[in-house]
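So the structure is just underneath, and the comments pick up after that.
Note that this is a predicted model, so its numbers are computed, not measured. Per chain, numbering begins at 1; letters A, B, ... match sequence-line order.
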Amino acid sequence: MYAQQVETGVKAVKSLAEMGPEERAFQEKIDAEIKIEAKNWMPDNYRKTLIRQISQHAHSEIVGMLPEGNWVTRAPTLKRKLQLMAKIQDEAGHGLYLYSAMETLGADRDEEIEKLHSGRAKYSSIFNYPTLNWADMGAVGWLVDGAAIVNQVVLQRTSYGPYSRAMIRICKEESFHQRQGYEILLHMMRHGTQAQKDMVQDAINRLWWPSLMMFGPSDAESPNSAQSMAWKIKRHTNDELRQRFIDQTVPQLEILGCTAPDPDLKWNEERGHYDFGEIQWEEFYEVLKGNGPCNRERLETRRNAIQDGAWVREAAVAHANKKQKQQAAA
Amino acid sequence: MSEWTLFEVFIRSKHGLNHKHVGSVHAADAEMAIENARDLYTRRNEGVSIWVVPSAAITATASDEKEPLFDPAEDKVYRHASFYELPDEVGHM
């Protein structure tokens, strides 16, 4: 999931009887699958939770450009470079759709970005891992975007209208990302040298577990899930989505001719799902706290980008003001 | 506060169709808003024309006005063609 551990500020989910008339009307709309729009009444915590979740989601798209940016100048062919740039431009677009949805709630984009840069806002743990070889670009597209799609497909039905519409637009574009990633890997596995095939397996070995962590902690460790589900901000639990991702990914892994770094991964006939090994949650929480392999570097890159671009933004405003004066004088 | 103005973006997806609201962009002025909207909302041939309007210039109905504004239309079934029953021999009308 691109938003992990979103705090709802709520201890226990209220029943309809415990709610005042406004909140009850709001909850009944949600229960009836009627979308909430910007100008509708909403509980303060619903608004705050959404701002937290959508901004985290947007930050993830923006920071998500960095591991890929590492390979723009290193892509093996012009074709791959163009595809990568198109994908990165999409990620920027996705971030902006989401910031735009977030602003309908009264949040300010620049303020939320400042929270990211000062380390007060989170983004997905996955982007704090390095992209060490070209196969990582394939594995990121296939696994990371694949996990994001599983999460985002269900978010198209989220209860807040602007968020849901941003998700619909994003999902239309994501499938290109996943397919181009998988094609990179498939090409290397079918036409590559042994060294290139080893690269694919190495990328999968490193990114498999972090991709599974993207869905967030197990349901037992997700104190905010119940409220987010009652508000229909979330539509499925972390564990449900993780299982769905694994079930659809393993057959693709087999087509590649690769393996997952999980000796416990096997089909369970009785459950109708794949069983899988224990996730190292210790690592997840450390990365979330800022101690992953690339956390510092990612935030530093973002801060530099904002600082180094300050003169461009100032020049744009000065130019706009000058033109306005000229028009007024004419 | 954001240093740039917020603009709402409307796109005509094909000739002959209405411009439709698609989202918003930040920009220093309207010209830049058009450029940003092109990059953001038409990367895959989604449009043939773009309008941008400063968000602050839009006047909208309030959610608590919904009933007084829209309920009066609800009980006027005679405004719909299907309200009028005609014999079959009249054919399609």
Side-chain angles (χ1 to χ4, degrees), chain A residues 22 25-26 29 34 36-42 85-104 107-114 161-163 165-166 168-170 172-173 176 306 309-310 312-327, chain B residues 1-14 17-71 74:
Chain A
E22 274 179 322
F26 164 86
K29 255 167 100 173
I34 298 171
I36 306 300
E37 296 295 339
K39 293 201 156 201
N40 297 153
W41 186 91
M42 60 185 85
M85 287 196 298
K87 180 171 187 286
I88 293 170
Q89 198 189 10
D90 274 354
E91 311 291 7
H94 296 176
L96 291 173
Y97 302 153
L98 287 161
Y99 284 129
S100 159
M102 177 200 78
E103 289 193 297
T104 63
D108 181 82
R109 188 176 82 181
D110 292 356
E111 277 171 30
E112 296 305 317
I113 289 176
E114 170 48 32
Y163 191 25
R165 291 190 287 274
I168 290 169
R169 187 174 272 278
I170 288 174
K172 268 193 211 157
E173 299 177 349
F176 141 61
I306 284 278
V312 179
R313 296 192 302 277
E314 283 162 22
V317 172
H319 180 66
N321 288 342
K322 190 178 80 182
K323 268 198 311 186
Q324 209 176 12
K325 267 187 210 144
Q326 282 170 347
Q327 272 170 358
Chain B
M1 263 305 286
S2 289
E3 41 190 324
W4 287 354
T5 310
L6 189 64
F7 289 85
E8 298 302 319
V9 180
F10 300 80
I11 300 224
R12 183 201 295 284
S13 58
K14 270 199 307 205
L17 295 183
N18 292 338
H19 283 76
K20 216 173 134 188
H21 183 245
V22 292
S24 58
V25 292
H26 287 264
D29 61 10
E31 195 186 327
M32 184 182 186
I34 294 259
E35 285 164 8
N36 290 353
R38 188 207 63 157
D39 287 349
L40 188 55
Y41 293 109
T42 63
R43 287 196 300 283
R44 291 178 176 80
N45 298 318
E46 290 96 335
V48 293
S49 162
I50 301 176
W51 289 348
V52 293
V53 182
S55 307
I58 291 183
T59 309
T61 57
S63 59
D64 54 6
E65 287 174 342
K66 187 175 167 281
E67 283 162 23
L69 280 177
F70 304 115
D71 280 4
E74 243 172 47

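Counting non-hydrogen atoms of other residues, nucleotides and ligands closer than 6.0 Å to CD of A:Glu114 gives a total above 12.
Within residues 43-57 of chain B, the residues approaching chain A closer than 4.5 Å by heavy atoms are, in numerical order, B:Arg43, B:Arg44, B:Glu46.
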Task: A:Lys87 and A:Glu91: CA distance, side-chain angles, deciding distance, salt bridge (Lys or Arg N to Asp or Glu O under 4.0 Å) verdict - done: CA-CA 6 Å; A:Lys87 180 171 187 286; A:Glu91 311 291 7; 3.3 Å; yes
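Every side-chain contact (heavy atoms from CB on, under 4.5 Å) that A:Ala38 has, sequence neighbours left out, goes to A:Thr104, A:Tyr160. Residues that satisfy the side-chain contact (heavy atoms from CB on, under 4.5 Å) test with A:Lys323, not counting sequence neighbours, are A:His319, A:Gln326, B:Asp29, B:Glu31.
Proximity to chain B involves both the backbone and the side chain of A:Gln89, based on heavy atoms less than 4.5 angstrom apart. Residue A:Asn321 does not touch chain B at all, counting heavy-atom pairs closer than 4.5 Å. At a 4.5 Å heavy-atom cutoff, the contact between B:Ala60 and chain A is made by backbone and side-chain atoms alike. Looking at B:Val22, both its backbone and its side chain come within 4.5 Å of chain A, counting heavy atoms on both sides. Looking at A:Arg165, there are no atoms closer than 4.5 Å to chain B (heavy atoms on both sides), in backbone or side chain.
Pairing each heavy atom of B:Val9 with each of B:Ile11, the nearest pair is CG1-CG1, 4.0 Å.
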Give every donor-acceptor pair under 3.5 Å between a side-chain atom in residues 32-42 of chain B and any protein atom, sequence neighbours left out.
from, atom 1, to, atom 2, distance (Å)
B:Asn36, ND2, B:His26, O, 3.0
B:Tyr41, OH, B:Ser24, N, 3.1
B:Tyr41, OH, B:Ser24, O, 3.0
B:Thr42, OG1, B:Arg38, O, 2.7

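For A:Glu103 (side chain) and A:Arg109 (main-chain N/O), a donor-acceptor pair under 3.5 Å exists by modelled atom type. Panel note: side chain A:His94, backbone A:Leu96; no donor-acceptor pair is recorded below 3.5 Å.
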